[in-house]
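Just so you know, residue 1 is the first one in the sequence shown, and it goes up from there.
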Amino acid sequence: MGVTVRQADADDAVNGVLPRWVALPETVEEVSAVLRACAEQDLAVVPAGGGTKLHWGPPPERCDVLLDMCCMNAVLEHAAGDLVVRAQAGVTMDALAATLADQGQELALDPPFTEYTTVGGTLATATAGPRAFRYGTARDLLIGITVVLPDGTIAKSGGKVVKNVAGYDLGKLFTGSQGTLGVIAEATFRLHPLAAERRWLVAETEVSDDVLLRLAASQAEPSAVEIDCPDGKNATVAVLVEGSAAESRALALREVLGDGTVTAEAPEWWGLILNDDVLLEARFPPARAVEALAAAGEAGLSFRGSAAAGRAYLEGRGDVPEDELAAAVARLRARLEALGGRVNVLATPYAGVDRWGQVSALPLMRRVKERFDPGRRMSPGRFVGGM
C-alpha cells in the first residue's frame, strides 16, 4: 500500500503494551489505506503524535499497529486575513506557533509540555491551558476536522467542506476521544492576533474565592487566573493580562489581589505539567476553587491550574502505594463531587485506581463507540468504561 512500516521496538510501547508494527503515513489517503488493511486483518490500532501522553489512560487491550503521525507535519493553509489555519495532525504545537507568529497570529492554546506536543494529540486528549478562560478550549477553537474512521472511510466536517457522518459533529466527538473512534488527520482552527504586550501579576499569598472571582471578573480583563501549589501549603497566584496597556491593567489587578509583582516573564511553571507519573484532572465550580485546592493538598497532590475556569491538573508527590493512592482518589472525588465537580485520573501506574468514577453519559458513549468502531480496533480499552 506504499506506507512506510517498521518493526516496533521498546520505545514504541503504549503504556507498557508493545505493538508489532509501526506505520508512518504521510497523507490522509495513506492513513485510510492503513486502517483498511487493519480492518481486513482485524488488527488493533493506536494513533500516536509526539508520544507525550501515550502513558495516559489504561493500557490498550491489544495493540498490533502504532500509527505514528510524525510524517504528517505540514501546515496546509494559513488564511491570515480570515484568521484561520489548517494543519496536519502531526504538526507540533511549537512549529505551528512559529509559523503563525510570522504573520502576527497565534492559536491560543497552551500545550502542557514544552516539546513534541502535536495538533492531533492536543485534540485527542482535550488538554486545556491557562488561557482557556478567555479564548476557550481546543474544542472551542476547532472549526473543521478531517478524520479517518476505523474502516478507512475519510470524513470531514466544518471548515470549508462539510461531510458529516450521520449527523454527528465530528470535531466535538473526536476532541477528547483518546483515539478510540478513529484517527484525527487534519484540523482547522480559528486564530487570534498575537498580543502586543503581556504582563503577569505574580504573588505568593493566601487567597479567598471572593478575591479569585473578583480577579476573573475585573474590568482589566485578565486572560488567565492560575494557582500553583506544589506542596499543599504554599500557593502562588499568577494572573495574565494581554494587549494594550497591559502594565497598568496588571497594576490595577494588584489592587484587587493586595500583593504581587508585575513582570513580562511567565512563571516557570505556567501552564505546564511537570510530573505526570500520577496525574489527575479536577473540575470544580470557580466559586469553590479554594476548597478544591485544600482537598488536593489533603490528598497529597500538587495543584496547578485555572481558578477562573474551574480546572486544574493534580500531580503526585513522591511514591505512594497503590492502596493509599486509590483511597486518596476516592476521598478527593467524593469531596469535589459534593462541590459540583469531578475528578478523572489521567495517568497512574496502578490498575486498581478508579480512573473515572461514575459517568452518567456512559451508555450514550458506548453507543457512539459501537457506531464508529463496532470491531473495537481503535485503542481498545483506553477510554472510560473500557471502551
Side-chain angles (χ1 to χ4, degrees), residues 49-53 69-146 158-160 171 175 184-202 221-226 238-247 249-250 262-274 306 309:
T52 57
K53 297 176 281 293
M69 302 293 284
C70 66
C71 297
M72 292 187 62
N73 56 13
V75 177
L76 300 171
E77 181 182 5
H78 179 201
D82 296 327
L83 289 169
V84 168
V85 69
R86 181 167 64 95
Q88 292 181 315
V91 175
T92 61
M93 296 294 284
D94 53 356
L96 179 60
T99 298
L100 299 176
D102 288 340
Q103 298 293 323
Q105 297 179 352
E106 67 169 339
L107 175 57
L109 297 174
D110 306 303
F113 301 104
T114 55
E115 296 180 304
Y116 307 120
T117 301
T118 62
V119 165
T122 297
L123 288 173
T125 56
T127 47
R131 292 184 299 163
F133 170 64
R134 178 173 182 180
Y135 298 106
T137 64
R139 180 175 296 183
D140 301 311
L141 296 174
L142 181 70
I143 59 175
I145 195 169
T146 298
K160 298 179 179 179
T175 302
I184 297 170
E186 298 175 4
T188 303
F189 294 99
R190 176 166 53 92
L191 304 175
H192 289 85
L194 273 172
E197 292 183 75
R198 286 190 175 129
R199 294 292 185 273
W200 282 264
L201 169 65
V202 183
E221 297 183 335
S223 294
V225 180
E226 296 284 295
V239 186
L240 170 63
V241 179
E242 298 179 291
S244 61
E247 180 88 14
R249 290 158 56 208
V262 174
T263 173
E265 298 295 327
E268 291 184 356
W269 52 265
W270 180 263
L272 297 179
I273 293 170
L274 302 178
S306 177

Pairing residues for Thr137 by the side-chain hydrogen bond (donor to acceptor under 3.5 Å, both in side chains) criterion, not counting sequence neighbours = Asp140

Set of salt bridge (charged side-chain N to carboxylate O under 4.0 Å, His left out) partners for Arg86, sequence neighbours left out | Glu77, Glu186

Of all residues at least two apart in sequence or in a different chain, which pass the side-chain hydrogen bond (donor to acceptor under 3.5 Å, both in side chains) check with Glu247?
-> Arg199

Residues which pass side chain to side chain contact (heavy atoms under 4.5 Å, CB included) with Ala126, listed by chain and number, not counting sequence neighbours | Thr175

Those residues at least two apart in sequence (or on a different chain) that pass side-chain hydrogen bond (donor to acceptor under 3.5 Å, both in side chains) with Arg139 are none

Residue pairs fulfilling salt bridge (Lys or Arg N to Asp or Glu O under 4.0 Å) with at least one residue in residues 120-129, sequence neighbours excluded = none

Could you give the distance from NE2 (His78) to CD (Gln105), rounded to the nearest 0.5 Å?
-> 3.5 Å

Pairs involving residues 90-102, ordered by first then second residue, that meet salt bridge (Lys or Arg N to Asp or Glu O under 4.0 Å) (sequence neighbours left out) | none

Can you name the one residue among Asp82, Leu107, Val84 that meets side chain to side chain contact (heavy atoms under 4.5 Å, CB included) with Leu191?
-> Leu107

Residues at least two apart in sequence or cross-chain that pass side chain to side chain contact (heavy atoms under 4.5 Å, CB included) with Ala101, listed by chain then number, are Leu194

Would you mind listing every side chain to side chain donor-acceptor pair (under 3.5 Å) that reaches into residues 110-129, with sequence neighbours excluded?
-> Asp110-Arg131

With Ala98, which residues qualify under side chain to side chain contact (heavy atoms under 4.5 Å, CB included), at least two apart?
-> none

Partner set under salt bridge (charged side-chain N to carboxylate O under 4.0 Å, His left out) for Arg190, not counting sequence neighbours | none

Taking ring pair (Phe, Tyr, Trp, His ring centres under 6.0 Å) as the test, write out the residues that go with Tyr135, two or more places apart.
-> His192

